[in-house]
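Quick caveat: nothing in here was measured; it's all calculated off a predicted structure. Each chain gets a letter, A, B and so on, in the order its sequence line appears, and its residues count up from 1.
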Amino acid sequence: MEESFACSFAATELEARTGINSVVDQLRDRGIPETRIGEVQIALAEAVNNVVEHAYAGNAPGDVNIRCQLEEEKLSILIRDAGAPIPNEQLPAGEAQSLEGPMEDLPEGGFGWFLIRELTSDIQYERSEGENNLQLSFEIQMRSA
Amino acid sequence: MTLTSTIIDGTQVVSVNAERIDAAMAIQFKEDMRSQTDNGPDRVVLDLSEVKFIDSSGLGAIVAAMKQLGGARKLDLAGLTPVVDKVFRLTRMDTVFNLYATLEEATGGVAAET
């Protein structure tokens with residue numbers, strides 16, 4: 001089994017929600033276990049939010065293109081945008097946020113890359129021809145029929 | 001987004017009537033929480049049982065809502081669905097909040113009066 005599907009949408013928060021939902025629906029249609037879909041959705045949402053908030057920050061929102069490829073035991077999601085590159089073209093380390101200290105110092109952000117790294121089996125990033133290409137991979141155990 | 005609020009035995013229960021607390025929703029959620037919890041009981045329980053998905057923006061907004069209450073009041077969370085629970089556990093925010101499986105558990109078994 002190998003199949004792929006794709007979608008694209010404008011890089012706004014509301015369009016991003018619609019795009020993420022459509023990917024989730026497609027994964028559900030293909031019988032991927034619900035727990036795994038939840039984890040994929042968390043990582044995908046963080047990656048897409050980064051495009052909306054950082055890559056296209058301060059500019060008119062461009063397009064986000066998503067292509068999913070489903071193989072035997074692997075799901076790859078390629079997220080492509082024409083926004084600014086990730087700083088230094090280097091993926092953030094995504095370390096866990098410290099929750100030590102008084103309540104008023106608790107972090108309200110900066111969890112995105114930590115979540116992406118926790119939930120994926122592999123991440124590839126390439127900047128080419130003015131575009132960001134971020135590929136997130138997930139191991140998938142299909143339900144036994 | 002709609003939040004609804006009731007008082008049960010001196011605890012304020014705020015229910016989120018939305019399927020997602022995501023980037024598109026986070027700022028409004030934070031503002032709505034501020035207006036709902038401005039001057040109220042010391043304990044607030046946020047009922048998340050209708051929320052099927054949260055991202056890090058939504059998580060940050062819940063942290064912000066707790067900070068808005070100040071040190072003397074507290075925010076507990078109830079009814080976390082699987083994906084929401086996962087985000088809290090991965091980020092270790094489950095160690096910051098008291099989490100209850102259901103709203104009834106959070107309010108000591110007293111059913112909500114409508």
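Using a 4.5 Å cut-off between heavy atoms, Ile37(A) makes no contact with chain B at all. Proximity to chain A involves both the backbone and the side chain of Leu90(B), based on heavy atoms less than 4.5 angstrom apart. When heavy atoms are compared at a cutoff of 4.5 Å, Leu115(A) approaches chain B solely by way of its side chain, counted from C-beta outward. Contacts between Glu46(A) and chain B at a heavy-atom distance below 4.5 Å involve the side chain alone, from C-beta outward. Looking at Lys74(B), neither its backbone nor its side chain comes within 4.5 Å of chain A, counting heavy atoms on both sides.
Looking only at atom types and distance, the side chain of Asp9(B) has no donor-acceptor partner in the side chain of Thr11(B) under 3.5 Å away. Using a 3.5 Å distance cut-off with no hydrogens or angles, the side chains of Asn49(A) and Asp55(B) do pair a donor with an acceptor. Between Gln68(B) and Thr37(B), the side chains place no donor N or O within less than 3.5 Å of an acceptor N or O (distance only, hydrogens not considered). Checking Tyr125(A) against Asn132(A) by side-chain atom types alone, a donor-acceptor pair falls below 3.5 Å. Side-chain N/O atoms of Gln36(B) and Asp38(B) include no donor and acceptor closer than 3.5 Å.
Between Leu78(A) and Leu134(A), the closest side-chain pair of non-hydrogen atoms is not below 4.5 Å.
Between chain A and the residues Ala64(B), Ser57(B), Gly60(B), Ser56(B), the most heavy-atom pairs under 4.5 angstrom are made by Ser56(B). Per-residue counts of heavy-atom pairs under 4.5 Å with chain A were compared for Ile62(B), Val63(B), Val87(B), Ile54(B); the largest is that of Val63(B).
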